[in-house]
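Here is the structure we will look at.
The chains referred to below are lettered A, B, ... by the order of the sequence lines, with proteins before strands, and numbering in each begins at 1. Side chains included, hydrogens not; waters and symmetry mates left out as well; all remaining heavy atoms used.
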There are 4 protein chains.
Amino acid sequence: MAPLNEEQLQQIRDERKEQIIEAALRVFARRGIIGTKMSMIASEAGISAGLLYRYFNSKDELFTTLVQQAIDESIAGIKSIYQLPGTPLDKIKTLTAEILNEGSQFYFMLMHHARTSDEVPITAKKLIEENTMKTYIDILEPLFIEGQKKGEIAEDNPSELISCYLSLLSGLMTVNIQGDENYQIPKVDLLLRFIVRPS
Amino acid sequence: MAPLNEEQLQQIRDERKEQIIEAALRVFARRGIIGTKMSMIASEAGISAGLLYRYFNSKDELFTTLVQQAIDESIAGIKSIYQLPGTPLDKIKTLTAEILNEGSQFYFMLMHHARTSDEVPITAKKLIEENTMKTYIDILEPLFIEGQKKGEIAEDNPSELISCYLSLLSGLMTVNIQGDENYQIPKVDLLLRFIVRPS
Amino acid sequence: MAPLNEEQLQQIRDERKEQIIEAALRVFARRGIIGTKMSMIASEAGISAGLLYRYFNSKDELFTTLVQQAIDESIAGIKSIYQLPGTPLDKIKTLTAEILNEGSQFYFMLMHHARTSDEVPITAKKLIEENTMKTYIDILEPLFIEGQKKGEIAEDNPSELISCYLSLLSGLMTVNIQGDENYQIPKVDLLLRFIVRPS
Amino acid sequence: MAPLNEEQLQQIRDERKEQIIEAALRVFARRGIIGTKMSMIASEAGISAGLLYRYFNSKDELFTTLVQQAIDESIAGIKSIYQLPGTPLDKIKTLTAEILNEGSQFYFMLMHHARTSDEVPITAKKLIEENTMKTYIDILEPLFIEGQKKGEIAEDNPSELISCYLSLLSGLMTVNIQGDENYQIPKVDLLLRFIVRPS
DNA sequence: TATGAATGAGCGTTCATTCAT
DNA sequence: TATGAATGAACGCTCATTCAT
């Protein structure tokens with residue numbers, strides 16, 4: 001019954017906040033900003049609705065936090081491609097496979113809602129406007145050019161090629177849904193065929 | 001002085017209904033079923049909110065009508081590929097270009113909401129469950145097989161190839177948004193490269 | 001196609017108005033003022049909703065007209081007792097039987113709504129306030145006193161006796177409903193037993 | 001600091017629910033189901049409109065609850081006649097006086113609306129259909145027969161006599177209104193005169 | 001910190017009333 | 001005169017947010 005010390009309290013707070021963020025991501029991703037009720041996030045996080053407000057001032061703030069996080073993680077994820085082993089094309093294949101299989105789908109869906117919905121808080125809107133596809137193209141361009149030099153990658157305009165690659169990937173991740181057994185994420189090799197230089 | 005005759009009234013009713021359906025498609029597509037307020041549809045259609053209810057009994061009914069229409073038109077659209085001129089690959093290219101350029105984007109977005117949202121009316125849910133990707137695969141399979149025989153189309157499993165093609169197309173159409181100048185619909189030739197048999 | 005002359009038009013107007021009043025009485029009586037939609041009255045009268053407003057400026061005015069009519073007719077009805085044949089008790093029995101059997105039930109139900117509902121237009125409220133039970137007591141008192149003198153009628157205070165008689169009658173007429181076969185309007189002799197002087 | 005414990009919460013909930021039920025009875029009784037706005041009940045109960053919905057899912061559910069309660073209490077009330085002291089006629093007089101004086105009037109008015117209005121929820125409609133006058137006649141019949149044997153009660157068909165008694169009572173309770181000083185609930189002895197066997 | 005009762009603004013829907021024909 | 005399309009105010013209900021405990 002002794003009161004917790006400062007440090008322990010802070011730790012509880014951090015854990016709770018993480019709990020909430022993860023719960024919110026799952027719910028917002030599936031249901032969008034209006035479709036999501038604060039009570040849903042609360043019950044997904046296993047806490048009461050009122051407690052949410054000790055960690056986030058409003059639904060908007062919570063949503064915006066998630067958008068920020070999605071942007072940060074997606075940039076970091078793309079940048080990580082340079083740490084991967086192998087030739088440029090190897091790297092691209094590995095990263096693509098990781099994205100397709102891994103749990104990043106929630107982020108794609110969240111960002112789709114954030115881009116499409118009109119109810120998005122202005123702050124989040126701004127974050128999105130500053131985070132255009134150009135950001136990602138700039139990161140990937142050196143790698144694609146290197147791949148083209150090596151003759152691995154098709155000789156199109158690299159920027160256009162990357163844009164197309166990202167659009168396809170993003171479309172797949174956003175649209176992919178359970179419930180239609182005919183709807184399957186394509187195999188990586190099939191998907192990347194349009195990047196690969198015909199031999 | 002005299003009231004309008006039956007024919008004139010019917011014409012007014014038909015026009016209004018069409019007006020509403022078009023307005024509703026635009027709004028639902030962008031904002032989803034919950035994000036869409038009946039007043040938005042009304043003002044998009046240039047009529048009062050109350051008048052909507054002389055044509056559709058409820059928001060749900062209106063939404064369901066649109067889903068039905070989207071399904072009908074998409075099936076008709078896919079079937080129309082057989083009327084196009086040229087070889088199988090020609091046909092596929094032409095149809096793909098049409099889809100990418102034409103205004104069918106609203107239907108894709110609507111269907112995405114209809115598939116994803118939990119607030120979709122049961123009737124619409126049923127329509128969607130009955131309308132899996134298999135419907136479209138079955139329509140396109142003969143054409144793809146013919147293309148493979150002619151050596152135009154890659155030698156993958158045709159059903160898988162079509163599924164991949166449709167997934168990519170559907171993802172692009174759903175995700176594609178105004179507002180990001182870097183986000184461009186890929187050129188048809190680029191997109192279809194993974195279908196074409198490498199020469 | 002020749003235009004109707006003034007007289008014919010007036011006749012049409014009068015018929016229409018009567019049509020509407022009768023329809024409105026039936027609907028208001030059963031459903032009360034709020035439960036009644038103008039469209040119900042219109043369709044009960046076999047005309048369009050818009051046309052109602054050429055005869056009555058508003059729902060309130062129509063309702064008030066009916067209340068006025070109900071009051072007028074009820075007073076006339078009570079007064080008519082003096083035209084009936086026989087002794088005072090005979091007259092009372094005859095009138096009671098007439099009321100119980102005849103179609104005056106709609107008026108009782110209407111007046112019940114008018115007295116109970118808070119949505120009644122002020123004008124109607126005033127009519128009702130001016131039309132207390134005293135009006136009817138005053139009309140009937142001479143008859144009851146005469147009956148008492150003749151030894152036909154119980155020796156209670158006449159005013160109280162009449163009030164009780166009217167309350168019971170009015171309660172029966174208001175509450176009596178189809179649909180419960182056990183709910184039967186009592187026989188006149190049974191009902192009047194408390195008025196009759198025990199022999 | 002600590003949240004309320006389960007017991008305290010339950011007590012608050014019970015009190016609120018009772019508050020709402022009492023308020024709703026008063027308002028529904030006077031205004032009927034359509035005439036009653038949820039906001040009226042809320043302000044009569046001294047709470048906000050939104051809070052109503054934590055206790056009752058809908059206006060219909062609230063109304064139906066009241067109908068159920070009215071039926072239960074009326075049956076219990078009638079049955080309680082056998083606990084009263086004295087001869088059958090004494091019992092009947094006492095119960096009648098109790099009903100006429102006591103606050104059961106709201107229940108009569110509520111049931112009148114429930115029986116008459118077309119907007120009554122189906123569940124309530126069913127309750128009412130199952131609760132005909134026969135229920136009450138069956139309860140009272142033995143008592144009336146006993147009274148007839150004792151020579152206290154008139155020698156009419158007992159079932160008919162009870163039906164008449166209940167109709168009159170129910171009519172009085174339904175119709176009786178404040179606001180007309182001439183409209184007075186009759187004295188019990190006067191009212192019951194038609195039951196009593198003439199000496 | 002944590003809970004859940006309480007509030008009130010906002011949306012879907014209905015309906016009295018108006019108006020063009 | 002007669003019609004029915006059109007409007008908009010009002011009510012039932014939901015949910016983000018606050019607050020007492």
Where do D:Leu25 and D:Leu66 come nearest, in terms of heavy atoms and distance?
N-CD1, 3.7 Å

With side chain to side chain contact (heavy atoms under 4.5 Å, CB included) as the test, would you mind laying out the steps for A:Asp60 and A:Ile33 before giving the verdict?
CA-CA 9 Å; A:Asp60 279 6; A:Ile33 194 168; 4.3 Å; yes

Using a 4.5 Å cut-off on heavy atoms from C-beta on, say whether the side chain of B:Thr116 contacts that of B:His112.
yes

Test of understanding: with side chain to side chain donor-acceptor pair (under 3.5 Å), list the residues that count as partners of D:Asn57, not counting sequence neighbours.
D:Glu61

Measure across A:Lys17 and A:Tyr55 and return the closest heavy-atom pair with its distance rounded to 0.1 Å.
NZ-O, 4.0 Å

Would you say that C:Met111 contacts C:Ile128 through its side chain, given a criterion of any heavy-atom pair below 4.5 Å between the two side chains?
yes

Indicate every side-chain donor-acceptor pair of residues 41-49 of chain D with a distance under 3.5 Å to a residue at least two apart or in another chain.
| unit_1 | atom_1 | unit_2 | atom_2 | d |
| --- | --- | --- | --- | --- |
| D:Ser43 | OG | D:Met40 | O | 3.4 |
| D:Glu44 | OE2 | D:Arg26 | NE | 2.6 |
| D:Glu44 | OE2 | D:Arg26 | NH2 | 3.4 |
| D:Ser48 | OG | D:Leu51 | N | 3.3 |

For the side chain of A:Lys59 and the backbone of A:Thr36, is there at least one donor-acceptor N/O pair under 3.5 Å apart?
yes

Rounded off to whole Å, could you give me the CD1-to-C1' distance for the C:Ile33 and E:dC15 pair?
14 Å

Would you indicate which nucleotide in E:dA6, F:dT7, E:dT3 comes nearest to any side-chain atom of D:Ile12?
E:dA6

Would a distance-only check, ignoring hydrogens and angles, find a side-chain to backbone donor-acceptor pair under 3.5 Å from D:Gln8 to D:Asn5?
yes

Comparing A:Ser48 with D:Ser48, nearest DNA chain E nucleotide closer to 5' gives the residue A:Ser48

What's the CD-P distance between B:Gln11 and E:dA20, to the nearest Å?
19 Å

Pairs under 3.5 Å (Watson-Crick or G-U), crossing ones as [ ], inter-strand ones as |: DNA chain F comes out as .||||||||||||||||||||

Sorted by number, the residues of residues 34-44 of chain B with heavy-atom contact under 4.0 Å to DNA chain E
B:Thr36, B:Lys37, B:Met38

Counting only heavy atoms and a strict 4.0 angstrom limit, can you tell me which residues of residues 50-67 of chain C come near DNA chain F?
C:Gly50, C:Leu51, C:Arg54, C:Tyr55

Rounded off to whole Å, could you give me the CD-to-C1' distance for the B:Glu119 and F:dC15 pair?
12 Å

Between B:Glu15 and the options B:Arg13, B:Gln11, B:Gln19, the side-chain hydrogen bond (donor to acceptor under 3.5 Å, both in side chains) test singles out B:Gln11

Within less than 4.0 Å of OP1 or OP2 of E:dT1, is there a side-chain N or O belonging to A:Arg16?
no

Kindly write out the residues that satisfy side chain to side chain donor-acceptor pair (under 3.5 Å) with B:Asp118, not counting sequence neighbours, or none if the list is empty.
A:Arg31

Here the distance between atom C1' of F:dT21 and atom CG of D:Leu9, to the nearest Å, is 9 Å

